[in-house]
Amino acid sequence: MTTVAVLVEQRDGAVARPTLETLTLARSLGTPVAVWIGAEPGAEALAHLGAHGATEVRHLDAGDAGRLPKVRAAALGAAASDADVVLVTSTFLNKEVATLLALETGAGVVVDAAGAEIVDGRVETTQTVFAATWNVRTRINAERAIVGLRPNTTQAAALDEPAAATPKTVIFEAPETPETLVSVEPVPQAEGVPLAEAPVVVSGGRGTNGDYALVRELADVLGGAVGASRDATDEGWISHEHMVGQTGTTVTPALYVACGISGAVHHRGGMQASGTIVAVNIDPDAPIFEIADLGVVGDLNDVLPQAIAALKEARGA
Ligand SMILES: Cc1cc2nc3c(=O)[nH]c(=O)nc-3n(C[C@H](O)[C@H](O)[C@H](O)COP(=O)(O)OP(=O)(O)OC[C@H]3O[C@@H](n4cnc5c(N)ncnc54)[C@H](O)[C@@H]3O)c2cc1C
């Protein structure tokens, strides 16, 4: 029996959607157990985890120190000591955690994977690399595999019959770390879905000329997050957390809508692996059209209001 440990991502005590995707994938690999680092999970969180396949929810609280990669890796290692496969959401922090744990335990590690399966007793992952210009399949030739899964690469699906999600407390002693945590202050989060996890991203570039009202409205109608090109953030039109690309956030939504963005290689590097790419640009030769599944040549100030109106009408709003 393959035991698959899944590190839970939390938002204010609730289970974040990428974890439900990861649990769904974990079910196809073996028996999922969830690892919850932080204050004790509530009944709703346990129910959510069970509905998506967690047979156990192993809980450890390392306090604020649990934010440090070395402590987090040790906590995950302690809770997942019997796991053949460890799955985490591929965030900046978790990539470091996965690597530290692999170093510590001799496991094989792949981050930014788009999928994983067991072939002849070994985990094989799929991944897009080099700004989504290559698809790579990797076989992890080690007894234990640690995989970082990108959000939006698996469709989360609840079970008809929920798994037990039995809570279990794990005794854990935090290791010494070279870092000392002095203070923790949460950064106020933008409203809505975090950019890296959003299933839909609507981005605006220099072509918006600084007016993001239509981009925001379209994102709103589609239930997505707002992204931007670096030129737009550098102009101060929108804050840097919205930047998509090589130096910004990498996104892999099911739908990416690029409005007034030329499609420079630095931007493409952060969004090219999206499911469906739609581009709106006045220049028919804009490079973004080379990777777009659907291209609209036109002024975004004409095109977006029509798209918004059509979507609202289709939804009966
Ligand atoms: C080291 C390095 C790292 C970088 N990292 C990033 C990164 O992470 N992310 C990133 O985005 N960029 C990054 N850049 C910058 C990148 O190279 C481009 O300069 C930037 O992406 C261009 O932004 P843009 O497409 O908004 O602007 P532009 O290239 O100026 O394109 C604007 C587009 O809008 C169209 N347009 C104009 N008006 C309208 C309208 N009314 N309706 C519709 N279309 C219109 C134009 O036809 C044009 O195609 C990086 C650059 C360097 C050197």
Side-chain angles (χ1 to χ4, degrees), residues 90-93 95 111-112 114 127-134 148 150-152 187 190 192-198 200-222 224-311:
S90 231
T91 61
F92 280 124
L93 173 62
K95 287 190 229 183
V111 295
D112 286 340
Q127 219 182 345
T128 55
V129 298
F130 300 140
T133 51
W134 289 81
R150 276 191 171 162
N152 298 310
V187 176
V193 207
L195 187 57
E197 295 171 13
V200 176
V201 174
V202 182
S203 286
R206 190 174 281 286
T208 61
N209 209 16
D211 183 354
Y212 269 75
L214 288 170
V215 170
R216 283 187 200 284
E217 194 177 351
L218 182 58
D220 224 33
V221 174
L222 291 169
V226 174
S229 69
R230 175 155 149 186
D231 282 23
T233 59
D234 282 355
E235 287 287 354
W237 295 340
I238 185 162
S239 63
H240 280 276
E241 302 96 81
H242 293 273
M243 195 211 300
V244 170
Q246 183 183 305
T247 39
T249 302
T250 297
V251 296
T252 46
L255 172 65
Y256 187 87
V257 188
C259 310
I261 290 179
S262 59
V265 65
H266 306 103
H267 185 82
R268 289 157 63 147
M271 45 66 71
Q272 199 156 342
S274 303
T276 299
I277 298 172
V278 176
V280 181
N281 198 301
I282 42 170
D283 176 5
D285 296 323
I288 192 78
F289 287 130
E290 291 166 14
I291 56 161
D293 298 288
L294 175 70
V296 183
V297 178
D299 186 327
L300 65 90
N301 297 299
D302 295 332
V303 177
L304 296 199
Q306 293 178 56
I308 292 163
L311 281 164

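Residues take their numbers from the sequence shown, with the count starting at 1. One-based numbering, in listed order, for ligands and for the atoms of each.
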Using a 4.0 Å cut-off to any heavy atom of [X], which atoms of ligand 1 qualify?
X	result
D231	18 (C), 19 (O), 20 (C), 22 (C), 23 (O), 27 (O)
G248	8 (O)
D299	40 (C), 41 (N), 42 (N)
G298	42 (N), 43 (C)
A264	16 (C), 17 (O), 18 (C), 21 (O)
G205	26 (O)
Q246	7 (C), 8 (O)

State whether the shortest distance between N or O atoms of [X] and N or O atoms of ligand 1 falls below 3.5 angstrom.
X	result
G260	yes
L300	yes
A286	no

Identify which one of N281, V280, I282 satisfies the side-chain contact (heavy atoms from CB on, under 4.5 Å) criterion when paired with L300.
-> V280

Counting only pairs under 3.5 Å, give me each side-chain donor-acceptor contact of residues 210-220, with atom names and distances, residues two or more places apart or in other chains.
{"residue": "D211", "atom": "OD1", "partner": "A213", "partner atom": "N", "Å": "3.0"}
{"residue": "Y212", "atom": "OH", "partner": "G204", "partner atom": "O", "Å": "2.6"}
{"residue": "E217", "atom": "OE2", "partner": "K312", "partner atom": "NZ", "Å": "3.0"}

What part of V244 sits under 4.0 Å from ligand 1 if we count only heavy atoms: the side chain, the backbone, both or neither?
-> backbone

